[in-house]
Structure formats: C-alpha cells, structure tokens
Number of protein chains: 4
Amino acid sequence: MTDTPHRRGADRTEAIMRATLELGQEIGYAKLSIEGVAARTGAGKHTIYRRWSSKGALLLDSLLSLHEPGLDYPDTGDVAADLRTQIYAAVDLLAAPPFGPLFQALVGEAQHDRQLAAALNERFITPQANKTVARLRAARDQGQLSSDLDLDLAMAILSGPLYFQLLITQEPLSHEYVDRILAALFTGMGPRPRTRTSRSRPAA
Amino acid sequence: MTDTPHRRGADRTEAIMRATLELGQEIGYAKLSIEGVAARTGAGKHTIYRRWSSKGALLLDSLLSLHEPGLDYPDTGDVAADLRTQIYAAVDLLAAPPFGPLFQALVGEAQHDRQLAAALNERFITPQANKTVARLRAARDQGQLSSDLDLDLAMAILSGPLYFQLLITQEPLSHEYVDRILAALFTGMGPRPRTRTSRSRPAA
Amino acid sequence: MTDTPHRRGADRTEAIMRATLELGQEIGYAKLSIEGVAARTGAGKHTIYRRWSSKGALLLDSLLSLHEPGLDYPDTGDVAADLRTQIYAAVDLLAAPPFGPLFQALVGEAQHDRQLAAALNERFITPQANKTVARLRAARDQGQLSSDLDLDLAMAILSGPLYFQLLITQEPLSHEYVDRILAALFTGMGPRPRTRTSRSRPAA
Amino acid sequence: MTDTPHRRGADRTEAIMRATLELGQEIGYAKLSIEGVAARTGAGKHTIYRRWSSKGALLLDSLLSLHEPGLDYPDTGDVAADLRTQIYAAVDLLAAPPFGPLFQALVGEAQHDRQLAAALNERFITPQANKTVARLRAARDQGQLSSDLDLDLAMAILSGPLYFQLLITQEPLSHEYVDRILAALFTGMGPRPRTRTSRSRPAA
DNA sequence: AGTTAAACGAGACGGTACGTCAGGTCTTCAT
DNA sequence: ATGAAGACCTGACGTACCGTCTCGTTTAACT
C-alpha cells in the first residue's frame, strides 16, 4: 500500500470507515454520529464531510467495504439448488453482525433519504438482484422455467419474503426459512396432485 | 364525542394528531419534530410527551387514526379474487398520501427503534396479515389450497414483494403489479404444460 | 434575593457573567468563547445566546456588572480638583484587572462591531462623559470657565489623551499622567508670563 | 520594483496586499480572512503565511503600502497653522476609505494582539507623532511655546481627542473638529480676558 | 358554589449533534 | 526549490431539537 498515489487520503478514508463500523456495532446506528466518528478516528469533521454527504452515505460505504461484492455463483445446472446457495449467502450476510443490523438500519434511513435509497439500490440491492436474475435467466433459457417468466418479478418474489422478515416482522433470518420459501415456490400453493407424487417437487 | 369524560384531553389528542399529519405531509417525516407539532398545535411540549413517548409513537397513532382498521373482507368463494380485493385495498392505502409516504418513513424509523417496530407490528402489520391468513385458511379448509400449506409463509410470500417494492426499490405500487404477483404465484413459475395435462404441474 | 421574581433566570444570568469575567481574566479576551463560558458555567449555549447576541455583548454586561455606574461626584468648588477626582477614579478602573484589560479588548472589538460600539457608548462612555460635562458646566456657570466653552469638546480634550495612551501607545495609565494632562490644560501651552510667576500653577 | 532580486516573490506580495485591501473594503475587516485572500489572489495559504504571521500583520502592511509615509511638512513659522496642516492630512487619511475604516479595525485588533500593537506603533503611530513632536520642538526652541512643555504630552493632547472621536464615539472626523480642538488648546479654556485682571486665572 | 388537583401553554434549561467556517500546519505536484 | 493547491486537525460558530423541568393559568370534578 506504500505505492498508493493519494496515500494520505486513502488512509484517512479507511480509518474513518473502520471507526464507523466499530462505533456502529458498539452503540448502534441511532446513536452513531459523524461527530463521534470524527472523535474516534481523530479526524476533523470536515475530513468526513469532504468524502460523504451524510451519516447514511458514510455507513453505506463502510458496509460495502466489508462485503467485497463477490464473484458470481457457479451454475450447477440445478436452479433451485443454485438459488439456495445464493440466498443462503445473502441471508448469512444480513443475519450476522456487523453487517446485518447496520444494513437494516441503513435501509431504515433510506426511507426518508431519497439519495441514500438510490445509492443503496445501485450499490447493493441491484447487484445482488442481478445475480439472481442471471441464474433465473439461464434456467429459463434452458427450458427449466416458463419461457414467459418475468425474471424481475420472480426475483422480487424470492427476495420479498426475506426482506419482509428482516424489516417488518424483524424475526431472525435462517436457512430454514429460506428452504421453506423455496419449497413453497417450487412446489406451488395449490392442492397436491394425488397421482404421480413424483411431480410434487418438480424443480427443487 | 361531546360526551367523552375527559373532554379537554381528547380534544388535544386529536388536534395534535391532526397537526402531526399536516406537518408530516408538508415537510416530510425527517423534518417533522415534536417541537414543531407543539408550535403548530399551540400545545406545550409536555402535553405531547404526556401522551406519546417518541415522534414515531405519535406518528403511528396519527396514521392509525386515519385508517380505522376496517372490517373483514367478504368471502366470495374465489380465493384469488378475494385476495386481490384485500391487497388492492392495502396497496391503495400504502400508495397514496398522506398515509403512504408517512407509513413508509415510519417503517424506516422502526428499523432503529425496537419499541416502535413492535407497536407497528401489533397495531398494523399483524391485523392486516391476519385477514390474509384468515382468507387463506378458509381456502385451505375448503381444499382449494394444499392441506399442509404454511399460512404465515404464504402470507409472507404475498406481502413480501409488495414491501420489497415499497421499501427497497421504492417504485410506486400499482394494482397491475399486484395482479402480476398473484398471477405468478397461482400460475406457477415452471414451464407451461404442453398438453391438456396442464394440471399435472399446477402451481410450480 | 429569595424573592427575586424570575429566580431561575437571574441566577443563570449572574453565573454566566461571573464565568465570563473569570475566563476573561484567565485566558484573555481573544481566547474567550461562548462555548467556553457555557462549559465553565455548566450552561447550554442557547441559554447564553438567549440573553446576549455576541461575545462582546456578554462581556459588556459582565463588565458593567462589576462597575455599578456609581453616584455623582461631589462638587467642592474647585473644578480642577474635582475633575482630578473623577479622572483618578476612571483611570483606577481602566488600569486594573479585571476591568481594565477586558474593557480595552472590548473597545477593540467595538471597532468592527457597530452594535457593540453603540452599546458601549450608551452604557459606559456617555454616562462617564456626562459626569465630566456636568462638572464643567457647573464651573462654567459659575464663571470659572469661559462662557462660550464647548463642554463636549473640553471633555474630549480631557479624555482623549487617556484613551490614546490606553488604546494606542498601550502604556500603563497612572495618576501622575492624569496630573500632567490637567496641569498642561489648566496652565496652557503658551509661553509663561514672565511676571507674577505665582500664576504658574494656578488651578492644579 | 522591477529590479527587486526576488521578482516572483515581490509580485506575489503586491498581489496579495492588493487583494487584501480589495476584500477588506468589500466585506469589512471582520469577515476578511486569510483563506479568502488566498482564494481571491489564487495563492496558496502557505504563500501568505510565509510572509505574514497574522491577518493583522497582513493588513498593516497592505495599508502602509497605500500610504507611503510621506515627507516632512514645511515649517512656515506659524506653529498653529503648521500643526493644522499636519493634522488635516492625518484626518483626511483616517476619515476616508479604504484607509480609514480598515485602519480603525486594525487598531481594534491591536487591542488583543500585542505584537500587532507594537508593529502599529512602530510603523505608523510613532512616525506620525514624531512629525508633530518635531514641529512642536521647533516652536518651543523658538520660544513660541513654554520652555518646559512636555512635547510628548502635547502631542498626546492634540492627537487624543481625534482618536477618541475615531475609536470611541465613532463620529466622523472633520477639519472643523480639528479647528475647534486647536482653537481650544491655543486659546485656553479660561474665561476671556475682559479687563487686565483677566490673566489672574489664565488657563482655568 | 367553592375548592382543588390536573392538565395545560409557555418556554427556560442542559444536552448533543448538526453542518459551516477559518486558523495554521502539512504534503503533493508542477514549473 | 518555489509556489499553487488543498488535505488535514483543531476549535468555535450559531442553530435545531431533544426530553426534563418550572412556572402561572385555566378547567372541570368533587366536595
């Protein structure tokens, strides 16, 4: 890191994001303040405001520095299994500190900060969603899913219940819950066909 | 309401909630303050704090005073149609001012206020969900849905995508979107049946 | 003081002014800050801003609380002696801490704060000057001074050199310097009359 | 100045002082900042700090660059007239922008900046005073003034009222006021000699 | 009907944080 | 190697609300 062009700047940026995550974990998002981050880092407030326009923007960057947005997931040919792998990973991220609670608070903040909402979508939600959409598209192209399936809608149906649990009922997310969602979606909600029970799990 | 025992109290309560909604609409949740509500109402701050413990609690009450939680929906025998009716109503509420934007901000606030989250669930989310669950249960009991369908899960799958759109992508909710969700869920995501044996893959 | 109408308010006012003077003495006017006064008093900044619009206004009040503007000086019939008494008192005030240095700084501040300059004149300079003018008027009315003497001008000629020393050359003020000024003014600057050398110090 | 050894330096120095005066006139001393001067000049702050230790020092230099301290005044033999000439010139300088208001603010700053006060005395006040003292000395040596007249004191008595008006009452200086001061001092403040006995109280 | 306790408006108060500004020191880069 | 550009820490600014706390003043419930 000695050859970094803007040595001083990059150092400060990292230190500030580190302090933000520390403080966020220690005292929670609500009590997190730019003032506090500045004090913890030994930075001037201006140094923070020069880089981020708000507490939310700072935290978003800090969180994303934790979660290097990762490579694409492998395609094993089994849609349901591959989606499960993806969603497990997402749930693991969202369920555990420090990412989980702070991310949740950030989504909260985004509800009354349009700019933050846009950034959050662009930098986290959409990239995540794209992976799911890509896997669904592959499956559809291979005839495993209905050819006129709306991929974005399918993604929303997969993700929605998880965010519902995270943001609304605020019960902990678990792999088991993911399994139940996937099972329900691939099994269908209609009455089980009596005959050929083999079809009862057509695509899972 | 003229016969209310604590006349003065109830009057003030209503006036304060009214001012809260007005201000909330005018300047948005973020800039809404108890100080401001007090000034607008001509009430002392104490009078507000005596009734509500926080901005969120005040707004929750104020919003609920708008939406008298309504009676149960009729059961026409057609699950999909009845659910559509229910969800249309919910979407109409969440999509339009003043309820929509303020409710959205309130859900945001709930992300870093456990008490508020609990109250929100108890007073709005759960009652709403219960109606959906009740209708699903009726359908299941009549054999229209799989007998081992997890009703809460089904409700989450129906609601999740809507909240996802409201809170995450923040695109406007529409009846058309509801239709697409219902269609997808009831039609299934699997490949379309080639022959008349279409029912062989009923909902996957 | 138990019967003071606005007990709480008056207490705070006094405590803040006391802290202002203490801090002013300890660290000097330049480093004096409203922030610091608030911290020292244990008061909120708002409590100070509610009463005073600026550091200068606060210090002016604080200084004047030290110098209860005092009663009129006696008229012994001897103008020069009476003026000396008055001016000695003024010089004693301006020469000694805590009043002197802080007052001097305040006059400095008044150079780029018109409001403060006006307040300073109204509350300190003019009252002081009025006493001198009053004594001069009495002398003039008794024929001890030229009947067409411009009293304000005379006052300025008496006061000017003292402020010149205080503000410009910044050498310490002394009774001896006052004596020299009075002697010079009452003796005149013209050449001594050769005869009747008894007149050489007629009124000093 | 083209032959100055450090050409670039001198250019920058002049540009900075020019910008200082411009800004000082435009926004006043209180709002004048080294930051602002740097921005206006297109200079780095360091370039300014390398030359001047404070805002006051910079302004002092800038002002003196306006008022090349001038040659000695002629001696016409008439003390009063010559002093009037000198003082008119001083008053003209102090009464008019840009010098006047900025100089006044500078004297203000000097009240809480000992270094500046010293520099101000050395570079402006004393040179000015010396001219007055020199003229008075010549008059005294020629027997026009009392042989034991304290020259510095006399200078202070002449200058004091003017600075009093400039700094304390903050009324505009005028030639007419100068005339009145000189008249009062040279005429004396005692009662007009009607009869010969008038001299019995020559200057009281 | 008079008394009295509460609810009330008003807003002072100590706090915390805001976002801004300038000070004075420092590093980096271009000329 | 001088100077512009500006990052950096520091400290104070003046503002906004928070939630708590007196104040008197209604108001209406209970003697």
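Letters A, B, ... mirror the listed sequences (proteins, then strands); counts begin at 1. Heavy atoms only: backbone and side chains are in, while hydrogens, waters and symmetry mates are out.
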Hey, which sits more toward the 5' end of DNA chain F by its nearest nucleotide, B:Ser33 or A:Gly44?
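The 5'-side residue here is A:Gly44.
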DNA chain F: 5'-proximal contact among B:Lys45 and C:Glu35 (nearest heavy atom)
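Closer to the 5' end of DNA chain F: C:Glu35.
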Find which nucleotide of DNA chain E each of D:Lys55 and B:Gly42 is nearest to by heavy atoms, and output the residue with the more 5' nucleotide.
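Taking each residue's closest nucleotide, the earlier one in sequence belongs to B:Gly42.
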Got a salt bridge between D:Lys55 and D:Glu35, using NZ or NE/NH1/NH2 to carboxylate O under 4.0 Å?
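No.
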Give a yes/no answer on whether the side chain of [X] brings an N or O atom under 4.0 Å of OP1 or OP2 in [N].
X       : N      : result
C:Arg12 : E:dG11 : no
D:Arg51 : F:dT2  : no
B:Arg50 : F:dG19 : no
C:Thr47 : E:dG14 : yes

Measuring from atom NZ of A:Lys31 to atom CD of A:Glu26, what distance do you get when rounded to the nearest 0.5 angstrom?
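CD of A:Glu26 is found 12.5 Å from NZ of A:Lys31.
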The side chain of D:His46 is closest to which nucleotide in this list: E:dC13, F:dG14, F:dG6?
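Looking only at side-chain atoms, D:His46 lies closest to F:dG6.
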Just say parallel, tilted or perpendicular for the rings of B:His112 and A:His112, cut-offs at 30° and 60°.
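Ring orientation, 0 to 90° scale: perpendicular.
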Are B:Arg12 and B:Thr47 close enough that a side-chain donor and a side-chain acceptor fall under 3.5 Å?
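Note: B:Arg12 and B:Thr47 side chains miss the donor-acceptor criterion.
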Measure the distance from NZ on B:Lys31 to C1' on F:dA16 and round it to the nearest whole Å.
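Answer to the nearest Å: 13 Å.
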B:Leu58 CG - F:dC18 C1' separation (whole Å):
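After rounding, the gap between these two atoms is 15 Å.
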